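Take a look at the structure below.
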Amino acid sequence: MKLQYRLTIFISSIIIIIICGLGIASYYMIKNSIETQMGNNAMDLAVTIASMDRIKEALANKDDYQIVQNTIDSFRDKTRFQYIIVMDMNGIKYSYPRGKSLGKKYNDGGEERVLKYGEAYISKDRNVLISAIRAFVPIYYDGQQVGAVLVGLLTDTVYKELEAHILIFKITLAVGLLIGIIGAAILANLIKRTIFGLEPREIALLLGQRDLILQSLKHGILAIDKEGKIILFNRVAKEFLNLKDDDIGKKVSSMNLRYADEMMKALFNEEAIYNQEIKLCQDITLMCSHTLLKNHKDEVIGVVSSFEDLTEVKKMAEELTGIKRMTSALRAQNHEFMNKLHTISGLIQLEEYEKALEYISDISHQRQVISEVLNKNIKNPHIAGLLLAKYNKAAESKISLEIDRDSCLEKIPDSINPDEICSVIGNLIENSIEELVKLENGKIIVKLNSDNNGLKIRVQDNGPGIDKDVMDKIFERGFTTKPGNRGIGLSIVKQIIDYAQGSIEIIQDNGVIWDIFIPMKGS
C-alpha cells in the first residue's frame with residue numbers, strides 16, 4: 001500500500017477513535033447531567049408537596065383519598081412530572097396518575113427507606129416495564145411522619161425533549177468525522193508532495209545512494225547550514241580536515257581557521273567563491289569552491305564546499321613552470337644577444353673598432369655584475385634563475401633591472417618554500433615591467449635579505465604608482481585595472497604572505513616600493 005493511503009487510513013482511524021470516544025463520553029456525561037438535574041427538580045417538587053398543609057392533614061386524619069388526589073391534579077398538568085404518588089405509612093396510595101388505584105397498596109418498590117427510616121432520596125429505576133427517575137420525601141405532621149410523597153419522571157419523556165439537541169450533537173460528530181477524514185487525506189497528499197512522491201523505500205534507497213556517492217568521491221565535500229553548523233561531510237573531507245563523526249552539528253569555526261573563514265565569508269556575503277587556493281599546512285594546498293545552498297524560495301540556507309588536493313598537481317605545475325621560465329629566459333637572452341651582436345657588427349663594419357671594444361666591455365661588465373650578485377649572494381638556484389630570467393625580460397623591454405649588491409639570501413623561513421618566494425618576486429617584478437613598458441628610462445631595483453629574524457624582500461620601480469582609489473582593492477581576487485582575465489597575481493602574493501604570517505607594505509615615492517617581511521619561525 002502506498003504511503004499516501006497508509007497515512008490517510010492511519011490519521012482517519014485516529015480521528016474516528018478520538019471523535020467517537022469523545023462523542024460517547026460526552027453523550028453519557030450529558031445524559032447523567034440531565035438525569036441528575038431532573039432528579040433534583042423532582043426532589044424540589046416532592047419537598048414542596050410534602051410541605052402542603054392540606055396533604056399533611058389528610059394523611060394524619062385518614063381523610064378521603066379524593067381530597068389528596070384533587071389537590072395533586074390541580075397542578076399536575078402544569079409540571080412535566082406526571083408521576084406523583086402520595087402514600088401513608090402503610091403504603092396506601094392517596095394519589096396516583098390513574099385514579100383507579102387509589103386506596104390500594106403501592107407495590108412498585110423503592111419506598112421502604114422513606115417509610116421505614118424517613119429518608120429523602122432520589123432513585124433511578126430501570127427495569128423491563130419502566131425507566132424513571134424518582135424522588136422520595138417523607139411527610140411530617142406535628143413532628144411525626146404520616147406518609148411519603150413520590151415524584152417521578154419517565155426518562156423517555158426527558159429524551160423526547162432532548163431529541164432535537166441529540167440530533168444536532170450527532171450531526172456535529174458526523175461533520176467533525178468527515179472534516180477529519182478530508183483533512184487527513186489533504187495532509188497525506190501534502191506530505192506526499194513534500195517528499196516528491198517518493199515512497200519510504202525509495203527515500204531510503206536514495207539516501208543510501210547519496211552516501212555511497214559522497215564517500216566514493218575523490219573530492220572533499222563539506223556542508224554547513226545558515227548558522228555555520230556542519231551538516232555533512234564525506235570521507236575525504238574527514239581525512240583532510242581531521243573531522244570526527246560527532247563533529248556534525250558543531251560550528252565550522254572550530255575547524256582550520258582560514259578554511260572556515262572562507263566558508264563563512266561566502267555565507268555572510270551570499271556570494272559563491274570558486275577555484276580558490278587555500279593552504280592548510282606547509283605540505284597541503286587545496287583548491288576550493290564554496291557554493292551557496294538555496295531553498296525553493298531562493299533563500300540561502302547554507303554553503304557546500306568542495307575541494308581537491310593540489311599538492312601533487314602543484315608540484316607538477318611548478319616543474320612545468322620552471323621549464324617555462326627557463327625557456328622564456330633563454331628566448332629573452334637570445335633576443336638580447338642578437339641585438340648586441342648586430343650592434344657590434346655594425347660598429348665593426350663602420351670601422352669603429354674602439355667603440356666596439358668599449359661596447360663589448362660595458363656589456364661584459366653588466367653581465368659580470370648581475371652574475372656575481374646572483375652567484376655569490378643568492379644561494380637558492382630557483383630564485384637566482386627567476387631573477388636572471390626577469391633581468392633578461394626587462395632588458396628586452398628596455399627596462400633596467402638591478403639586483404642590489406647588498407642582497408644576501410641564505411636561509412629561507414620555515415613557513416614558505418622557494419617556489420612561493422619565486423611566485424611573490426615574479427608577480428611583483430612582472431607588474432612593474434607592465435607599467436614601465438609604457439615609459440622611458442624604466443628602472444626596477446630588487447633587494448633580498450635573510451637573517452635569523454626573517455626574510456626581507458623589496459621591489460622598487462620608478463613607475464606611475466598606484467591610484468589611491470584602488471589601493472584598498474588591489475589584493476582582491478579578480479580585481480584589475482588592465483584588460484583581459486587578470487587580477488590573480490597580487491591576490492596570490494597576499495595569500496602566500498598571510499599564510500607565512502608575514503607583512504606587506506606599499507610605499508609610493510616616485511614610483512612604488514613593495515616591502516615584504518616573512519618571519520623565520522612561523523606558527
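Only a predicted model underlies this, so the values are computations on that prediction, with no experimental measurement involved. Because only heavy atoms are used, hydrogens play no part in the values below, and waters and symmetry mates are left out as well, while side chains stay in.
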* Set of residues satisfying side chain to side chain contact (heavy atoms under 4.5 Å, CB included) with respect to K297, sequence neighbours excluded -> N295, E299
* So among L490, N431, D467, which one has a side-chain contact (heavy atoms from CB on, under 4.5 Å) with I474? -> L490
* Any donor and acceptor pair, going by atom type alone, linking the side chain of D451 with main-chain N or O of G454 inside 3.5 Å? -> yes
* Asked: From L286 CG over to S306 OG, what is the distance, rounded to the nearest 0.5 angstrom?
  -> 11.0 Å
* Answer yes or no: is there a donor N or O on one side and an acceptor on the other, between the side chain of D498 and the main chain of Q495, under 3.5 Å? => no
* **Side chain T172, main chain I168, donor-acceptor under 3.5 Å** => yes
* To do: Nearest 0.5 Å please: distance from the CG atom of L436 over to the CG atom of D461.
  => 5.0 Å
* Structure fact -> From the list N449, N377, I457, I383, side-chain contact (heavy atoms from CB on, under 4.5 Å) partner of L409 resolves to I383
Side chains of residues 508-520: which donor-acceptor partners sit under 3.5 Å, not counting sequence neighbours?
{"from": "Q508", "atom 1": "OE1", "to": "I466", "atom 2": "N", "distance (Å)": "2.7"}
{"from": "Q508", "atom 1": "NE2", "to": "I466", "atom 2": "O", "distance (Å)": "2.9"}
{"from": "D515", "atom 1": "OD1", "to": "R458", "atom 2": "NE", "distance (Å)": "2.8"}
{"from": "D515", "atom 1": "OD1", "to": "R458", "atom 2": "NH2", "distance (Å)": "3.4"}
{"from": "D515", "atom 1": "OD2", "to": "R458", "atom 2": "NH2", "distance (Å)": "2.7"}

* Structure fact -> Separation between CE (M263) and OG1 (T291), nearest 0.5 Å, reads 9.5 Å
* Is a side-chain N or O of N32 found less than 3.5 angstrom from the main chain of Y28, in a donor-acceptor match? -> yes
* Between S397 and V437, is there a donor-acceptor pair closer than 3.5 Å when you use the side chain of the first and the backbone of the second? -> no
* Asked: Hey, is NZ on K226 packed in by over 12 heavy atoms from elsewhere, all under 6.0 Å?
  -> no
* Asked: Side chain of E420, backbone of N417: donor and acceptor closer than 3.5 Å?
  -> yes
* To do: Indicate yes or no: does D298 engage K294 in a salt bridge with an N to O separation below 4.0 Å.
  => yes
